[in-house]
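Read through the structure below, which is laid out as structure tokens, and then see the notes.
In what follows, every heavy atom counts, from backbone to side chain, and hydrogens, waters and symmetry copies are set aside. Given the structure is predicted, the values throughout are model-derived calculations rather than measurements.
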Amino acid sequence: MLLYRQVLLFCAVALGVVAISGGASAQSACPPGSVLDASGQCVDQDVAYGPQAEPPLAPEAPPAVDYGTHIDVGWTVVGAVTFSLGYAASVIFGVLRDDLFYIPVAGGLVHAIIGGADGALGLGLSLFLGQSLGLVVMIFGLSQRYPNDPPPAEASLLPEVVGGPGELGLGLRWRF
């Protein structure tokens, strides 16, 4: 039995060596750019395999839809409220003291410069800085531009599954 296995192994190796050496010698006889066909003839590679097809082009992505932009509402509102509170305080002090506090932004600065009473400098500068800060923050919010969100999806009678793996829960959502 051992001899039978050794003979089979020897025959397999010998046949493999003969096949490889015979195929290599026949293939090497063909010029570059040609291959050996089934009948043993050297033929042009394009004839044997056909012309090399170029890979198909990827489909073009649809152009992005521009939904426009909007301002930063948060900073704009914070600035407007800060400016309004500073100006309201300035008007109240202007009416009580019969002074130039009612001039927006500059009223506190004017009062700080020409007011001779104790605390005029501190009160005037604090009202000026409050209004100025509010105005700067409001302008900052108005100058920021963010892209608008796409319009909401159309209504559907079937629910949409919300949540999933990695989220806190799973639920259904209907759009009306």
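- Not counting sequence neighbours, the partners of Leu121 by the side chain to side chain contact (heavy atoms under 4.5 Å, CB included) test are Ala112, Leu125.
- How far OH of Tyr87 is from CD1 of Ile103: 8.5 Å, rounded to the nearest 0.5 Å.
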Show the atom names and distances, to 0.1 Å, of all donor-acceptor pairs under 3.5 Å that link a side chain in residues 131-140 to residues at least two apart or in another chain.
| unit_1 | atom_1 | unit_2 | atom_2 | d |
| --- | --- | --- | --- | --- |
| Gln131 | OE1 | Val105 | N | 2.4 |
| Gln131 | NE2 | Gly86 | O | 3.3 |
| Ser132 | OG | Phe128 | O | 2.8 |

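- Taking both residues in full, the closest heavy atoms of Phe83 and Pro104 are given as CZ-CB, 4.3 Å, listed atom of the first, atom of the second, then distance.
- If you take CG on Leu85 and CG on Leu127, they are separated by 11.5 Å, rounding to the nearest 0.5 Å.
- Taking a 6.0 Å sphere around CG of Leu158, one finds it holds 12 or fewer heavy atoms contributed by other residues, nucleotides or ligands.
- The side chain to side chain donor-acceptor pair (under 3.5 Å) test applied to Asp66 returns no partner, not counting sequence neighbours.
- To the nearest 0.5 angstrom, Arg145 atom CZ is 7.0 Å from Ile71 atom CD1.
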